[in-house]
Amino acid sequence: MSFIDEIKNRAKKDIKKIVLPESEDDRTLKATSEVLKQKFAEIILIGNKEKILKRANELKLNNVEEAEIIDPVNSDKYDEFVEKFYELRKNKGMTIEKAKEYMLDNTYFGMMMVKQGYADGLVSGAVHSTSDTLRPALQILKTAPGTKLVSAFFMMIVPNCEFGEDGVFLFSDSGLNENPDSEALSEIAISSSKSFDLLVGKEPKIAMLSYSNFGSDKEGSPSKVHSAVEKLQ
């Protein structure tokens, strides 16, 4: 059984509610249709229901109406979310008026759905930048206890590959921390290994990369990697 098949089977046994705030993007609607078809997650789309279903119909995605569609403008959760966001951010200068504006943003509203337990996760990035996706997550969901550094990773799945975990690789940090020092590198390796264990269910094997072959250059970037390895060991 491939990793993808295993994930699908695992998902079907424990169905999660996933928020997709970028409902104006065709790829999001196509992804919604496919996920609903394969039944490995429940989907919550944030946006105007009439516009979403009109575009889905134009794309011949006849099952998108099976998703829960919530428009922040007329949601019965809007006032609850405004009050909660204000409480979370009032020490940072947040006002009720500003909180009302933020909760009309699809991504902020979606993150608050996760925070308040109405959804299990949120996927964004089709039309939003990394910073516009991360900012509401950090303001609302915060980081996991004990996390010293926020980092990002890409999961690569290569069919018919004997390397990695049956072709599954996790590369980090490829999109957030531009020039981490040795301490940051070690923290990234630790959090990435935990993510691999959580997502793949296998013991991670970590490789620390630099441009130096087998430690031939001990200055600059390779030096940071050597130091990070020592910290990890």
**Q** Parallel, tilted or perpendicular for Y108 and F85, by the 30°/60° rule?
**A** perpendicular

**Q** Is there a path from V19 to Y78 through hydrophobic residues (I, L, V, M, F, W, Y) whose side chains come within less than 4.5 Å of each other?
**A** yes

**Q** Grab the two heavy atoms, one from D25 and one from A126, that are nearest each other, plus how far apart they are.
**A** OD2-CB, 4.0 Å

**Q** Would you compute the distance between atom NE2 of H226 and atom CG of L185 and round it to the nearest 0.5 angstrom?
**A**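 One gets 12.5 Å once the value is rounded to the nearest 0.5 Å.
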
**Q** Does the side chain of L149 come within less than 4.5 Å of D173's, by heavy atoms?
**A**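 No. Closest side-chain heavy atoms not under 4.5 Å.
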
**Q** Let me confirm one number: the NZ-CD distance from K202 to E165, rounded to the nearest 0.5 Å.
**A** 5.5 Å

**Q** Above 12 or not: heavy atoms from other molecules or residues under 6.0 Å from CD of E50?
**A** no

**Q** Kindly give the heavy-atom pair with the smallest separation between M111 and A137, and that separation in Å.
**A**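 Closest heavy-atom pair between M111 and A137: CE-CB, 3.6 Å.
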
**Q** State the CD1-CD1 distance between I188 and I206, to the nearest 0.5 angstrom.
**A**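 So the CD1 of I188 and the CD1 of I206 are separated by 12.0 Å.
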
**Q** Are there over 12 heavy-atom neighbours, none belonging to K100, within less than 6.0 Å of that residue's NZ?
**A** no

**Q** Start with the C-alpha distance between T28 and V127, add both sets of side-chain angles, then the distance that settles side-chain contact (heavy atoms from CB on, under 4.5 Å), and finish with yes or no.
**A** CA-CA 10 Å; T28 298; V127 295; over 6 Å; no

**Q** Is N160 atom CG crowded by more than 12 heavy atoms from other residues, nucleotides or ligands, each under 6.0 Å away?
**A** no

**Q** Indicate every side-chain donor-acceptor pair of residues 193-201 with a distance under 3.5 Å to a residue at least two apart or in another chain.
**A**
from, atom 1, to, atom 2, distance (Å)
S193, OG, A189, O, 3.3
S193, OG, I190, O, 2.6
S195, OG, S191, O, 3.1

**Q** Salt bridge between K49 and D71, side-chain N to carboxylate O under 4.0 Å?
**A** no

**Q** Can you check whether Y102 reaches M94 side chain to side chain, under 4.5 Å on heavy atoms?
**A**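 Contact flag for Y102/M94 side chains = yes.
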
**Q** Can you see which heavy atom on M208 is nearest to which on V229, and at what distance?
**A**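 It is CG-CG2, 3.6 Å.
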
**Q** Kindly compute the distance separating CD (E66) from NZ (K37), expressed to the nearest 0.5 Å.
**A**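 The distance works out to 10.5 Å.
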
**Q** Kindly compute the distance separating CG (L88) from CD (E83), expressed to the nearest 0.5 Å.
**A**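 Here the interatomic distance stands at 10.5 Å.
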
**Q** Would you say that K224 contacts N179 through its side chain, given a criterion of any heavy-atom pair below 4.5 Å between the two side chains?
**A** yes

**Q** Between K30 and L61, is there a side-chain heavy-atom distance shorter than 4.5 Å?
**A** yes

**Q** Quick one: do I46 and I140 end up in the same hydrophobic cluster if we chain Ile, Leu, Val, Met, Phe, Trp and Tyr together by side-chain heavy atoms under 4.5 Å apart?
**A**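 Same cluster: I46 reaches I140 through Ile, Leu, Val, Met, Phe, Trp or Tyr contacts under 4.5 Å.
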
**Q** Strictly distance-based, threshold 3.5 Å: is any side-chain N or O of S172 a donor or acceptor partner for the main-chain N or O of A152?
**A**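 Present.
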
**Q** Nearest 0.5 angstrom please: D105 CG to M112 CE, how far?
**A**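 Reported value, rounded in 0.5 Å steps: 11.5 Å.
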
**Q** Minimum heavy-atom separation for L29 and A56, please, with both atom names.
**A**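 Residues L29 and A56, closest heavy atoms: CD1-N, 4.1 Å.
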
**Q** Give a yes or no on whether the backbone of V64 and the side-chain of S33 come within a donor-acceptor separation of less than 3.5 Å.
**A** no

**Q** Indicate, with yes or no, if F40 and L36 share a hydrophobic cluster defined by side-chain heavy-atom contacts under 4.5 Å among Ile, Leu, Val, Met, Phe, Trp and Tyr.
**A**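 Linked within one cluster.
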
**Q** Are the side chains of I18 and V35 in contact, using a 4.5 Å heavy-atom criterion?
**A**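 Side-chain contact under 4.5 Å: no.
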
**Q** Applying side-chain contact (heavy atoms from CB on, under 4.5 Å) to K39 and I15, what does each step give before you reach the verdict?
**A** CA-CA 8 Å; K39 301 183 184 301; I15 297 293; 5.7 Å; no

**Q** Within a strict 4.5 Å, meaning less than it, do heavy atoms of the V114 and L141 side chains meet?
**A**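 Yes - at least one pair of side-chain heavy atoms lies under 4.5 Å apart.
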
**Q** Quick check: do K231 and S182 have side-chain heavy atoms less than 4.5 Å from each other?
**A** yes

**Q** Evaluate the side-chain hydrogen bond (donor to acceptor under 3.5 Å, both in side chains) criterion for residues E68 and Y118: first the C-alpha distance (whole Å), next the side-chain angles of each, then the deciding distance (0.1 Å), finally the verdict.
**A** CA-CA 12 Å; E68 182 178 359; Y118 296 111; over 6 Å; no

**Q** Could you work out, with side-chain contact (heavy atoms from CB on, under 4.5 Å) as the rule, every residue matching S124, not counting sequence neighbours?
**A**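 S124 satisfies side-chain contact (heavy atoms from CB on, under 4.5 Å) with P21, E22, T107, L122, H128, T133 once adjacent residues are dropped.
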
**Q** Would M155 end up clustered with V158 when hydrophobic side chains under 4.5 Å apart are linked, directly or stepwise?
**A**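 Shared cluster, no.
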
**Q** If you apply the rule salt bridge (Lys or Arg N to Asp or Glu O under 4.0 Å), what do you find for E58 with R55, and how did you get there?
**A** CA-CA 5 Å; E58 291 170 350; R55 184 55 184 157; 2.9 Å; yes

**Q** Between N48 and E24, is any pair of side-chain heavy atoms under 4.5 Å apart?
**A** no

**Q** Apply side-chain contact (heavy atoms from CB on, under 4.5 Å) to residues S75 and F81 and explain how you reach the verdict.
**A** CA-CA 10 Å; S75 171; F81 290 0; 5.9 Å; no

**Q** Could you tell me which non-hydrogen atom of G175 sits nearest to which non-hydrogen atom of F154, and how far apart they are?
**A** N-CE1, 4.3 Å

**Q** Give the minimum heavy-atom separation between V150 and L176, together with the two atoms involved.
**A**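 Minimum heavy-atom contact is O-CD2, 3.5 Å.
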
**Q** Between L104 and I70, is there a shared hydrophobic cluster once you connect ILVMFWY residues whose side-chain heavy atoms come closer than 4.5 Å?
**A** yes

